[in-house]
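Chain letters run A, B, ... following the sequence lines, proteins first, then strands; residues in each count from 1.
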Amino acid sequence: MTMRVSVPTDFRLLPTIFSHGWCSLPPFHVEKNREALELVVALSSNHFAQVRVTQSYRTLIINSNSSKKLGKADRQYVVATVRSCLRIDEDLSGFYDEAKRHARFRWIPKIKAGRLLRAPTVFEDVVKMICTTNCSWALTEIMVENLCSKLGNQFDGKYSFPTPDAIADRSEKFLRKEIRAGYRSPYLLKLSRKIVKKEIDLESWRNSSLPTAELFSEIRSVKGIGPYAAGNILKLLGRYDYLGIDSWCRKRFFEIHKNGRTTSDKVIERFYEPFGTWRGLFFWMDVTKSWYGQKFPL
DNA sequence: GCGTCCAGGTCTACC
DNA sequence: GGTAGACCTGGACGC
């Protein structure tokens with residue numbers, strides 16, 4: 001089944017796909033020709049759609065393959081999920097206006113970058129973010145692949161991301177030994193069980209009316225989420241007030257702005273302060289600019 | 001092949 | 001509020 005979606009003039013699929021590492025973590029998958037994003041959309045219990053997204057001019061082409069025919073509501077859900085993952089409805093005009101005022105950031109609106117790929121659910125984003133903490137990217141990939149293949153649902157050779165119930169039903173020992181989540185295991189377990197018991201509602205964060213500082217504190221209240229993880233989860237919620245600095249970003253900042261000389265995080269924070277509520281996004285685009293140079297000639 | 005060391009964020013205990 | 005040590009794993013390195 002094929003669906004078509006119009007996109008705004010400032011949207012471009014490829015910079016969005018490669019905006020950060022999520023595209024290489026399942027259930028996301030990027031085709032070898034690097035022009036299509038694949039994802040698995042959970043429609044209902046044991047009913048999934050494999051979705052392939054490409055762009056042709058101002059139209060997204062969404063091809064879906066599912067175990068049973070998609071009804072109207074399912075098709076609408078698939079489209080809404082793709083729109084959300086690709087941040088199509090997010091208004092970045094303020095960000096682009098600010099970028100145009102700075103010579104070193106004019107490349108961003110020029111190649112239509114700045115939208116950060118996110119998962120279909122906040123739960124998936126949060127679990128993946130915890131899996132990025134205190135380890136190499138290779139270990140993050142192992143943990144997420146294990147989560148999908150051992151706790152997700154299989155459809156046509158692909159796995160969905162596990163539900164909170166699927167994780168909550170397992171033991172800490174299973175998460176340690178089979179998922180390789182190590183000391184993160186009790187954090188993932190506690191979070192999943194709180195969601196199942198409806199003691200916390202992560203999905204409400206996307207439409208939260210809380211001031212960003214308060215939402216940051218609420219995110220930080222989840223065990224296993226510190227300043228780095230909370231700052232980056234906020235970016236996936238459309239709020240860019242926090243930098244979410246990790247060792248890789250720190251190193252890139254030193255290379256770009258300090259000739260490799262190290263400074264404190266306070267210096268980094270002061271550097272991006274003039275960019276106001278967009279500072280987290282300017283920080284991220286600044287340290288990842290070279291990615292776009294390789295893949296998308298400016 | 002084995003043992004050791006290190007990097008990577010967050011939590012907890014302590015000052 | 002700031003700091004030290006523990007947590008766990010994969011990878012690099014030396015033997």
Side-chain angles (χ1 to χ4, degrees), chain A residues 20-22 24-26 116 118-119 122-151 162 164 167 170-195 199-200 202 205 212-237 239-256 258 260-270 272-273 279-281 283-284 286-288 290-291:
Chain A
H20 61 114
W22 262 208
S24 69
L25 296 178
L116 304 181
R118 68 182 177 189
V122 178
F123 173 69
E124 185 175 329
D125 279 332
V126 169
V127 169
K128 285 177 172 173
M129 200 64 75
I130 290 173
C131 291
T132 67
T133 58
N134 200 25
C135 65
S136 64
W137 182 251
L139 182 55
T140 298
E141 290 181 317
I142 289 169
M143 286 187 265
V144 175
E145 281 166 10
N146 285 336
L147 279 168
C148 293
S149 64
K150 296 182 179 183
L151 295 176
I167 296 177
R170 294 296 182 156
S171 64
E172 184 181 321
K173 186 180 176 185
F174 178 89
L175 295 179
R176 284 179 182 272
K177 299 297 175 191
E178 300 295 326
I179 306 300
R180 312 296 293 169
Y183 71 93
R184 302 164 197 81
S185 301
Y187 303 151
L188 299 178
L189 207 50
K190 189 174 182 183
L191 174 65
S192 300
R193 287 176 177 167
K194 282 178 82 169
I195 292 169
E199 292 172 2
I200 188 170
L202 303 192
W205 289 352
T212 305
E214 287 181 34
L215 186 55
F216 180 81
S217 296
E218 188 171 327
I219 296 170
R220 284 286 324 268
S221 72
V222 174
K223 285 281 181 289
I225 297 182
Y228 148 79
N232 283 299
I233 288 167
L234 275 175
K235 290 177 194 166
L236 300 183
L237 297 172
R239 305 194 193 209
Y240 306 100
D241 311 52
Y242 290 80
L243 303 192
I245 303 170
D246 67 0
S247 57
W248 182 84
C249 291
R250 208 172 276 124
K251 184 168 170 283
R252 284 292 298 144
F253 178 85
F254 299 152
E255 288 169 356
I256 297 166
K258 301 290 176 188
R261 191 166 43 85
T262 60
T263 62
S264 70
D265 284 359
K266 280 191 168 47
V267 171
I268 302 177
E269 282 161 9
R270 274 200 298 273
Y272 293 96
E273 211 165 290
R279 57 189 178 271
L281 191 50
F283 170 58
W284 181 249
D286 205 12
V287 298
T288 61
S290 60
W291 297 1

If you only use heavy atoms from C-beta on, which nucleotide in B:dT10, B:dC11, B:dG9 is closest to the side chain of A:Y187? B:dC11
Counting side-chain heavy atoms from C-beta on, which of B:dG9, B:dC11, C:dG10 comes nearest to A:K223? B:dC11
Mind calculating the distance between CG (A:N146) and C1' (C:dG10) to the nearest angstrom? 14 Å
Among side-chain atoms of A:W284 and A:N232, is any donor-acceptor pair under 3.5 angstrom? no
Under 4.0 Å between a Lys/Arg side-chain N and an Asp/Glu carboxylate O for A:R252 and A:E255? yes
Classify the side-chain pair A:Y242/A:T212 by whether it contains a donor and acceptor separated by less than 3.5 Å. no
B:dG8 P sits how many Å from A:R250 CZ, rounded? 9 Å
Nearest listed nucleotide, side chain of A:R220, among B:dC11, C:dG11, B:dG9: B:dC11
May I ask you to say what A:A229 touches in the nucleic acid, namely base, sugar-phosphate or nothing, with a heavy-atom cut-off under 4.0 Å? sugar-phosphate
With a cut-off of less than 4.0 Å, is there a side-chain N or O of A:R184 near OP1 or OP2 of B:dC11? no
Going by the angle between their ring planes, with limits at 30° and 60°, are A:Y183 and A:Y187 parallel, tilted or perpendicular? perpendicular
Mind grabbing the angle between the end helix axes of the helix from B:dG1-C:dC15 to B:dC15-C:dG1? Five pairs an end, 10° rounding. 30°
Has the side chain of A:Y228 got a donor or acceptor atom sitting under 3.5 Å from an opposite partner on the base of B:dG8? no
Hey, which sits more toward the 5' end of DNA chain B by its nearest nucleotide, A:L139 or A:I225? A:L139
So what does A:S247 hit on the nucleic acid, given a heavy-atom distance under 4.0 Å: a base, only sugar-phosphate, or nothing? sugar-phosphate
Just one of A:L243, A:D265, A:V287 clears the side-chain contact (heavy atoms from CB on, under 4.5 Å) bar with A:C249, so which one? A:V287
Has the side chain of A:R184 got a donor or acceptor atom that lies under 3.5 Å from a matching backbone atom of A:T133? yes
Protein-nucleotide distance (A:I233, atom CD1; B:dG9, atom C1'), rounded to Å: 13 Å
Quick check on DNA chain C: between A:N134 and A:R180, whose nearest nucleotide comes earlier from the 5' end? A:N134
